[in-house]
Amino acid sequence: MKTLLLLLHLLLFIATPSFIAPQPIDEGGCPISRPQLSPHPQTPTWQASFPGSGARMTFNLIQALTGLHTGDDYNSHNFGYEHVVTVKTHYPVKIARGNFHAIDAVFHKAIVLLRNPINAIPSYYNLLYERSHHLPNHSTRGSNQEWIEYRDNANHGLQYQLERYEQFIVYWIERFREDRGNLLLVSYEELSGEHGHVEARRIIEFLKRDNDHLQVSPDRIDCVWRKVVKFDGIQSPQDFNMERKANPHSLREGPRDRPYKQHQLDNMIGVLKRLIEKFSHDDEFIRIVRGYIDVVSSVGPEL
């Protein structure tokens, strides 16, 4: 519970709207101020992900690096879309008030965050579990027994979510098939891994294109990434109020590894192989997804 309270304190610091620059957090070697709305119009850029793929971690990182607010396709804070640095969406898994395509027309760039479905779908289940039990976000994992009941549900379980995972990827790769330079694929595993600062640099370079007013010092990127993603160097509870754990980008309590039946693992591999075949022209996508297949293939079925 202490860890949960620390996490909520940080999220409130990063997400709270602010129009006057506050005193920055100056621990860990790189000050981070509460984000502002950009005084200059930004090129509208999607931050798209399947639910459970690290959207919160990513927009917290982008806000900390740029000093600018991110938004979402619901326009939850009434920020609009041109004075925020990115706009989070889970389309087509979730549709923003039924009006996504009208919004999409003004967007010409996207960062698409990918995550292995063997972990993304259980993470999404955890979010649904928290909501159904009125628990804070990113606090609790349901038991494996409850996961199995969800997993095997014919209406909204694993097979249904695999179909939506495939639908999500097909939409975004097709959306930029003829304009691939305006699509940045980011692997959650790589962004949160040992060399995630390299992915953070890629994100910033992508955002700086067409946004002349966006200034991010290269010297800050590694430090901010360590602070936001790894909670490295955070000591003072009145600042970030976070504790480092063995898996620092997830603070949920409960079982991490979820059981699968053999045919479910086979179905997951089948989806990933279909996606590789469909987008065989995209070397970066193939590299990421082949890694996912290797991981799924190494998982043994439940006994």
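The residues of the chain are indexed from 1 along the displayed sequence. What's counted below: heavy atoms across the whole structure, side chains too, no hydrogens, waters or symmetry copies.
For the atom pair OG of Ser49 and CD1 of Ile111, the computed distance is 11.0 Å after rounding to the nearest 0.5 Å. Distance check: Asp72 CG to His77 NE2 gives 6.5 Å after rounding to the nearest 0.5 Å. Taken to the nearest 0.5 Å, the CG atom of Asn126 stands 10.0 Å off from the OH atom of Tyr150. Here the straight-line distance linking atom OG1 of Thr66 with atom CG of Leu61 works out to 9.0 Å at 0.5 Å rounding. A distance of 13.0 Å separates NE2 of His69 from NE2 of His83, quoted to the nearest 0.5 Å. Going from atom NZ of Lys230 over to atom CD of Glu194 covers 8.5 Å, rounded to the nearest 0.5 Å.
Remark: the His101 side chain and the Tyr91 side chain contain an N/O donor-acceptor pair separated by less than 3.5 Å. No donor-acceptor contact under 3.5 angstrom links the side chains of Glu130 and Thr140, judged on distance only. With hydrogens and angles left out, the side-chain atoms of Glu189 and Asn116 include no donor and acceptor closer than 3.5 Å. Judged by distance alone, the side chains of Gln167 and Arg164 never bring a donor and an acceptor atom under 3.5 Å apart.
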Q: Could you walk me through whether Cys223 and Arg226 pass the side-chain contact (heavy atoms from CB on, under 4.5 Å) test, one step at a time?
A: CA-CA 5 Å; Cys223 178; Arg226 288 195 305 270; 4.0 Å; yes
Q: Could you please spell out the steps behind the side-chain contact (heavy atoms from CB on, under 4.5 Å) verdict for Gln264 and Met268?
A: CA-CA 6 Å; Gln264 294 169 333; Met268 197 175 296; 6.0 Å; no
Q: Please lay out, stage by stage, how Ile32 and Val228 fare under the test side-chain contact (heavy atoms from CB on, under 4.5 Å).
A: CA-CA 10 Å; Ile32 297 177; Val228 174; 4.1 Å; yes
Q) So Leu162 and Leu158, side-chain contact (heavy atoms from CB on, under 4.5 Å) or not? Walk me through it. A) CA-CA 6 Å; Leu162 277 174; Leu158 177 64; 4.2 Å; yes
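Checked for salt-bridge contact, Arg201 and Asp222 meet the test: a charged N lies under 4.0 Å from a carboxylate O. Using a 4.0 Å cut-off between charged nitrogen and carboxylate oxygen, Arg287 and Glu190 count as a salt-bridge pair. A salt bridge does not link Lys94 with Asp73: none of the charged nitrogens is closer than 4.0 Å to a carboxylate oxygen.
With hydrogens and angles disregarded, a donor-acceptor distance shorter than 3.5 Å links the side chain of Gln36 to the backbone of Arg34. A donor-acceptor contact shorter than 3.5 Å is absent between the side chain of Lys88 and the backbone of Ala55. No donor-acceptor pair under 3.5 Å is formed between the side chain of Trp147 and the backbone N or O of Gly142. Remark: the backbone N or O of Leu114 is paired with a side-chain donor or acceptor of Tyr292 at under 3.5 angstrom. Checked by atom type and distance alone, the side chain of Arg202 pairs as donor or acceptor with a backbone atom of Leu185 at under 3.5 Å. When atom types are taken as modelled, the side chain of Trp225 and the backbone of His195 share no donor-acceptor pair closer than 3.5 angstrom. Checked by atom type and distance alone, the side chain of Gln63 pairs as donor or acceptor with a backbone atom of Thr70 at under 3.5 Å. In this structure, Arg180 contributes its side chain and Leu183 its backbone to a donor-acceptor pair below 3.5 Å. A distance-only check finds no donor-acceptor pair linking the side chain of Thr86 to the backbone of Gln47 [under 3.5 Å]. At distances below 3.5 Å, not a single donor-acceptor pair connects side-chain atoms of Lys273 with backbone N or O atoms of Ile293.
Separation of the His133 and Tyr129 ring centroids falls under the 6.0 Å cut-off. Between Trp46 and Phe100, the ring centre distance stays below 6.0 Å.
Among all heavy-atom pairs drawn from Pro31 and Arg220, the shortest one is O-NH1, 2.7 Å. Nearest heavy-atom pair, Asp257 versus Asn144, reported as atom, atom and distance to 0.1 Å: O-OD1, 3.7 Å. Heavy atoms only, all atoms of each residue included: Ala64 and Val224 are closest at CB-CG1, 3.6 Å. Here the closest non-hydrogen pair linking Ala110 and Trp172 is CB-CZ3, 4.0 Å. Closest heavy-atom contact between Ser192 and Val229: CA-CG1, 4.0 Å. Nearest approach of Lys109 to Arg209, heavy atoms of both residues: NZ-O, 3.0 Å.
At least one side-chain heavy atom of Tyr260 sits under 4.5 Å from a side-chain heavy atom of Ile118. Taking the side chain as every heavy atom from C-beta outward, Asp104 and Arg175 approach each other to under 4.5 Å. With a 4.5 Å cut-off on side-chain heavy atoms, Tyr81 and Gln42 do not count as touching. When side chains are defined from C-beta on, Ser38 does not count as touching Glu82, because their heavy atoms never get closer than 4.5 Å. Within the 4.5 Å cutoff, the side chain of Thr45 has no heavy atoms near those of the Val85 side chain. Considering only heavy atoms from C-beta on, Val186 comes within 4.5 Å of Leu184 through its side chain. Within the 4.5 Å cutoff, the side chain of His108 has no heavy atoms near those of the Pro44 side chain.
Neither Val93 nor Tyr74 shares a network with the other; the hydrophobic side chains, linked directly or stepwise wherever heavy atoms of I, L, V, M, F, W or Y lie under 4.5 Å apart, form separate groups for each. Taken together through direct or relayed side-chain contacts under 4.5 Å among Ile, Leu, Val, Met, Phe, Trp and Tyr, Tyr171 and Ile276 form part of one hydrophobic cluster. Using a 4.5 Å cut-off between side-chain heavy atoms of Ile, Leu, Val, Met, Phe, Trp and Tyr, with links allowed through other members, Phe168 and Leu128 fall into the same hydrophobic cluster. Using a 4.5 Å cut-off between side-chain heavy atoms of Ile, Leu, Val, Met, Phe, Trp and Tyr, with links allowed through other members, Val106 and Phe79 fall into the same hydrophobic cluster. Tyr125 and Tyr160 fall into different hydrophobic clusters, where Ile, Leu, Val, Met, Phe, Trp and Tyr are joined by side-chain heavy atoms under 4.5 Å apart, directly or via other members.
The ring-ring contact (aromatic ring centres under 6.0 Å, His included) test applied to His40 returns His213, not counting sequence neighbours. Under the rule for a side chain to side chain donor-acceptor pair (under 3.5 Å), Ser53 has no partner lying at least two apart in sequence or in another chain.
When Asp212, Asp210, Asn211 are each tested for a side-chain hydrogen bond (donor to acceptor under 3.5 Å, both in side chains) with Thr43, only one passes: Asn211. For the side-chain contact (heavy atoms from CB on, under 4.5 Å) test with Val289, the passing option among Ile169, Leu272, Val271 is Leu272; the others fail. The only member of Lys261, Arg258, Glu146, Gln161 that meets side-chain contact (heavy atoms from CB on, under 4.5 Å) when paired with Arg151 is Lys261.
By the 30° and 60° cut-offs, the orientation of the rings of Phe279 relative to His281 is perpendicular.
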